[in-house]
Amino acid sequence: MALRLYDTKTATVRDFEPLEPGRVSLYYCGATVQGRPHVGHVRSAVAFDILIRWLEHSGLDVLSVRNVTDIDDKILEKSALSYLPEHIPSPDYPAREPWFALAYRFEQAFHQAYDALGVKRPRYEPRATGHMTEMFALIQRLIDADHAYPAQDGSGDVYFDVRSWPRYGELTHQRAEDMQDAADADARGKRDPRDFALWKGHKATDPETARWDAPWGAGRPGWHVECSAMATKYLGSRFDIHGGGLDLRFPHHENELAQSGAAGDDFARFWLHNGMVTYAGEKMSKSLGNTIAPEEMLSAARPRAVRYFLGQAHYRSQLDYRPTSLQEAQAAVERIETFLSRAAEALSGQRRDSQDAVPEAFSAAMNDDLNVPQALAVLHETVRAGNIALDAEDPEQLARSAGAVSTMVQVLGLSDVPEAGAAGGSEAEAALGELIEALLTDRVEAKSVKDYARADAVRDRLTAAGIALEDSKDGTRWALARASSTTSPDTGARKG
RNA sequence: GGUGGGGUGGCCGAGUGGCGAGGCAGCGGCCUGCAAAGCCGUUAACGCGGGUUCGAUUCCCGUCCCCACCUCCA
């Protein structure tokens, strides 16, 4: 069964066939690094990470490119504010920080957030500031083709001429005439209020470091143009998939499509957009200030649970965050983990190292526009089948289930989420293990003489310390069980 | 005004013209010295009003409500 994906431009689910057999070219919008990442950013990254993993699992070579937009109005504005005498320095916005340092600092914060959730780095991650010549060339082509013009007010701005491009609005199915009139804020030099800036002329108040000498005058790029320039540089004038958050459809992606199309590039064949993360039903956004930082979630639940939560709804659906959602996700994740570690123990080393196939139903769900909720249903059903095999002591069935589960977990990216303490083997951990083993030995002794009060006292002490016990006929398993990223989820096992 | 997406059981969240995903929570049972984990069973839903149909949560019409975008946004 072939992969089918929803394409925003045609508003249909279509069969996905890469332009070049076996290879997929994918560009997806990363961040404008003007502030710390919030949950919405990482949800988007997780969604495309799952897409990439599924494409790769399907045997395709994915050339993934994600931009870093490191020059824009807000970045300059926030840097400028940090130089004002009334600016109150904070860890996020220290005093006297150059715009490029600010952008770089947040770029690293984004990496940290992505890494913490097991989002694989794209194959390449170009920065806008490193692609001025590509932007010059693109803008020049648009000027030459009469789809762009220098501002009439001598500001040095260059605008895209929306009225010169009848297809404008094709991505979001709007007619330019129907659009609500844009606020006429800086429309002085525009022919039409809907025209957007490809280039912004240098102003006396702008830092000299944010000034590039273009053929038509010094300045800096407008938003949108960097993505067109970088996507086509690395992926070609036609490429397979362009992605990003739903809020980027308009104006960002609409404008990208317009300027690339007008410059003669075919551009993306599929446009994928992930849904917004809401908080109590309201969109989470920088402008509303109701954002939740990934760190906040990571301190409320284990990283793997956070990743599970972010990926569990269909990528095009809205994802509503509630305080209990992370606990629910964690319970689900632990059910899977418990099975995998019990299975690994039962199969002790006889696991095949090759990748196991995923169930047919899982593939079908993933191929159906990445229906992760349904894929998760298959995953959980497989876990149940595995647990049954475990109880029935059926190693063949158990190995099959465990293999399938571990592959599904990999495809969903859950296995690559770094867990605190997962490094293992630290001296402290070894010491903890010894202590627990000693206590468990006491407990076994107490149990053997039916001194349950003493046995339960041991368990209570361990429970109070955040260590959960699980008895089975093969011995007692223990695991750190606190719902916090500061503790290790690693399980230890003891044969009794 | 324009464009698009939704309203599903206590909560989250798929899906389908009939044989009722999955998770979380609850209840009953098995297992266990008791727990935990696991398994089995179970409670329970399709915003509202019509229509089509043997049969609609699913299709059609109407209606109410919610959300997103319309040049800061993942």
Side-chain angles (χ1 to χ4, degrees), chain A residues 8 11 28-32 34-35 37-48 72-74 77 162 169 172-183 185 193-197 222-224 243-252 254-255 273-278 281-288 291 308-309 312-314 316-320 322 324-325 327-335 338-339 342 361 365 368 371-381 383-384 386-388 390-392 447 450 452 455-456 459-460 463 468-473 476-477 479 481:
Chain A
T8 301
Y28 74 103
C29 281
T32 298
Q34 47 122 335
H38 63 70
V39 169
H41 296 111
V42 289
R43 191 246 173 134
S44 182
V46 166
F48 287 100
D72 100 310
D73 288 354
K74 287 244 162 116
E77 195 181 299
V162 167
T172 53
H173 315 110
Q174 306 178 84
R175 298 189 315 159
E177 310 87 78
D178 288 338
M179 289 179 193
Q180 213 167 56
D181 274 354
R194 291 170 293 245
D195 291 351
F196 57 92
W223 190 33
H224 321 306
L246 195 57
D247 52 353
L248 292 183
R249 271 182 321 173
F250 194 92
H252 187 53
E254 189 72 76
N255 290 353
H273 292 100
N274 64 273
M276 300 290 95
V277 179
T278 55
E282 258 204 339
K283 186 183 130 184
M284 211 177 267
S285 80
K286 289 174 201 164
S287 52
L288 291 173
T291 61
Y308 184 97
F309 165 70
Q312 71 179 346
H314 184 96
R316 284 194 281 126
S317 298
Q318 184 174 294
L319 178 65
D320 198 34
R322 293 156 298 112
T324 55
S325 25
Q327 290 153 35
E328 287 165 20
Q330 185 152 313
V333 163
E334 283 173 359
R335 178 176 140 78
T338 301
F339 165 66
R342 286 174 74 198
D368 180 16
N371 193 334
V372 171
Q374 207 148 65
L376 282 173
V378 177
L379 172 56
H380 280 106
E381 278 159 7
V383 167
R384 178 176 305 123
N387 276 322
I388 291 169
L390 205 50
D391 290 346
K447 280 172 72 174
K450 298 208 190 302
Y452 295 120
D456 289 350
R459 186 171 61 198
D460 291 346
T463 304
L469 299 188
E470 245 179 67
D471 291 337
S472 74
K473 45 180 175 294
T476 299
R477 301 162 45 78

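Letters go in sequence order (proteins before strands), and every chain restarts at 1.
Between the CG atom of A:L469 and the P atom of B:C34 there is a distance of 16 Å, rounded to whole Å. Straight-line distance from the CD atom of A:Q318 to the P atom of B:G5: 14 Å, rounded to whole Å. Rounded to an integer number of Å, the gap from A:N274 CG to B:A68 C1' is 13 Å. Distance CZ (A:F250) to C1' (B:G4): 13 Å, rounded to an integer number of Å. The CZ-C1' distance, from A:R175 to B:G1, rounds to 12 Å in whole Å.
OP1 or OP2 of B:G15 lies within a sub-4.0 Å distance of a side-chain N or O belonging to A:N371. For A:K447 and B:C34, the shortest distance from a side-chain N or O to OP1 or OP2 is not below 4.0 Å. Put simply, A:N387 has a side-chain N or O that comes within less than 4.0 Å of OP1 or OP2 on B:C39. Contact check, A:T278 against B:A68: no side-chain N or O comes under 4.0 Å of OP1 or OP2.
Checked by distance alone, A:D471 brings a side-chain donor or acceptor within 3.5 Å of a matching partner on the base of B:C34.
For A:D73, the side chain to side chain donor-acceptor pair (under 3.5 Å) criterion is met by A:K200, A:R220, not counting sequence neighbours.
Each of A:P251 and A:A455 lies near RNA chain B, and the nucleotide nearest A:A455 is the one positioned closer to the 5' end. Along RNA chain B, the nucleotide closest to A:N255 and the one closest to A:R342 are compared, and the more 5′ of them pairs with A:R342.
When only modelled atom types and interatomic distance are considered, A:T172 and A:Q174 share a side-chain donor-acceptor pair under 3.5 Å.
A:G275 comes within contact range of at least one nucleobase, with a heavy-atom separation under 4.0 Å.
In RNA chain B, the stems built from three or more successive Watson-Crick or G-U pairs (distances below 3.5 Å) are B:1-7 with B:64-70, B:10-12 with B:22-24, B:26-30 with B:38-42, B:47-51 with B:59-63.
Rounded to whole Å, the C1' atom of B:G4 lies 45 Å from the corresponding atom of B:C39.
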N/O contacts under 3.5 Å, protein versus nucleotides 23-28 of chain B?
unit_1: B:G23; atom_1: OP1; unit_2: A:R384; atom_2: NH2; d: 2.7

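How far CG of A:L319 is from CZ of A:R43: 5.0 Å, rounded to the nearest 0.5 Å.
By the 30° and 60° cut-offs, the orientation of the rings of A:H224 relative to A:F196 is perpendicular.
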